[in-house]
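The structure appears right after this line, and notes come after that.
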Amino acid sequence: MPTVASWNVNSIRARLDHVLRWLDEHRPDALALQETKVQDDDFPHEAFAELGYECAVVGQKSYNGVAVLSRRPLDVLATALPGFDDPQARVLAVALDDFALLDLYVPNGSAVGSDKYDYKLAWLEALTAWVETLLASHPALLVVGDFNIAPADADVHDPAAWQGKVLCSDAERAHLEALLALGLSDVFRAFEQPPESFSWWDYRQAAFRRNRGLRIDLILASSALAPRVSACHIDRTPRTWDKPSDHAPVVAELQA
DNA sequence: ATGGTGGCGCGGCCA
């Protein structure tokens with residue numbers, strides 16, 4: 001039963017020990033990373049190869065960066081949004097055995113109305129247009145990553161305080177809905193989950209200890225693949241480790 | 001509270 005996970009690690013170099021430990025403990029078939037924050041030449045391929053993982057990487061200096069680690073051979077399908085001129089490393093699509101995996105680091109957006117917010121919405125528009133064509137060529141598709149959007153108020157620790165704010169605004173949620181309308185489903189919500197399930201907690205003000213978080217890290221399955229997804233959960237454990245990422249891994253199980 | 005914490009890379013940006 002393949003296991004696929006997604007984790008915003010907030011620097012692969014700062015988090016290498018955590019990622020290696022988590023891989024060793026869980027042995028997922030594939031792990032999509034976001035915010036690797038490293039140029040491709042400096043990505044720690046060897047450390048992952050020792051655990052049996054091949055890495056595809058799309059990185060840049062200091063910011064952003066995505067990677068897919070796989071126990072089986074992977075073929076790179078795309079390293080950017082086609083037709084969207086973007087110097088930021090946020091997209092990696094790979095073909096695995098019998099499905100395709102699209103790893104995303106969606107722009108944060110900074111604040112509603114800012115230039116970064118406009119960039120986020122334009123980026124999401126281009127993403128949806130592309131995913132529609134990707135689904136035509138790769139009907140069995142998982143779209144995973146840090147979406148920087150909490151899909152609904154149930155994904156927010158304090159919906160009143162976050163109402164209309166970046167990560168929760170109506171326009172961002174409408175863009176996510178447009179993506180889902182291509183036939184993708186948020187697989188976390190296909191299964192019973194603990195209340196107050198989040199995937200990101202701000203480093204500040206003891207947000208994790210108080211569980212003041214958001215669920216912004218998602219695994220979306222195409223209609224062709226969704227029936228094979230048998231489970232999905234968020235693993236909070238690495239968020240309790242010393243010097244953690246501010247995000248927790250999201251894990252999905254697929255039937256063979 | 002225009003702070004609070006963390007990463008990158010050494011001042012200020014980004015989250």
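Below, read A as the first sequence line, B as the second, and so on, with proteins coming before strands; counting in each chain starts at 1. All of these numbers come straight from a predicted model, not from anything done at the bench.
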Roughly how far apart, to the nearest Å, are [N] and [M] at atom [atom1]?
| N | M | atom1 | result |
| --- | --- | --- | --- |
| B/dG3 | B/dC13 | P | 14 Å |
| B/dG9 | B/dC14 | P | 14 Å |
| B/dA15 | B/dA1 | P | 24 Å |

**Complete:** Nearest-nucleotide check on DNA chain B, A/His247 vs A/Ala14; residue mapping nearer the 5' end is A/Ala14

**Message:** If you assign each of A/Ser11 and A/Gln88 to its closest nucleotide in DNA chain B, which residue comes earlier from the 5' end?
**Reply:** A/Ser11

Rounded to whole Å, please give me the gap between [atom1] in [X] and [atom2] in [N].
| X | N | atom1 | atom2 | result |
| --- | --- | --- | --- | --- |
| A/His18 | B/dG7 | NE2 | C1' | 14 Å |
| A/Lys165 | B/dT2 | NZ | P | 13 Å |
| A/Gln39 | B/dC8 | CD | C1' | 12 Å |
| A/Gln60 | B/dA15 | CD | C1' | 14 Å |
| A/Asn108 | B/dG7 | CG | C1' | 15 Å |
| A/Tyr117 | B/dA15 | OH | C1' | 17 Å |
| A/Glu35 | B/dG7 | CD | C1' | 9 Å |
| A/Asn8 | B/dG7 | CG | P | 12 Å |

**Item:** A/Arg189 and A/Asp155 ion-paired at < 4.0 Å
**Value:** yes

**Message:** Quick test of your reading of the model: are A/Asp153 and A/Arg173 salt-bridged, counting only N-O distances below 4.0 Å?
**Reply:** yes

Measure all distances between protein nitrogen or oxygen atoms and nitrogen or oxygen atoms of nucleotides 3-6 of chain B, and list the pairs falling under 3.5 Å.
from, atom 1, to, atom 2, distance (Å)
B/dG4, O6, A/Arg204, NH1, 3.3

**Prompt:** With sequence neighbours left out, what residues match A/Asp235 under salt bridge (charged side-chain N to carboxylate O under 4.0 Å, His left out)?
**Reply:** none

**Message:** Base, sugar-phosphate or nothing for A/Phe208? Non-hydrogen atoms, less than 4.0 Å.
**Reply:** nothing

Please identify each residue that fulfils side-chain hydrogen bond (donor to acceptor under 3.5 Å, both in side chains) with [X], with sequence neighbours left out.
| X | result |
| --- | --- |
| A/Ser245 | none |
| A/Arg239 | none |
| A/Arg13 | none |
| A/Asp103 | A/Gln34 |

**ring pair (Phe, Tyr, Trp, His ring centres under 6.0 Å) partners for A/Tyr117, two or more places apart** = none

**Request:** Could you pull out all residues at least two apart from A/His18 that satisfy ring pair (Phe, Tyr, Trp, His ring centres under 6.0 Å)?
**Result:** A/Trp241

Between the protein and nucleotides 10-13 of chain B, which nitrogen or oxygen pairs are less than 3.5 angstrom apart?
from, atom 1, to, atom 2, distance (Å)
B/dC13, O2, A/Tyr63, OH, 3.2

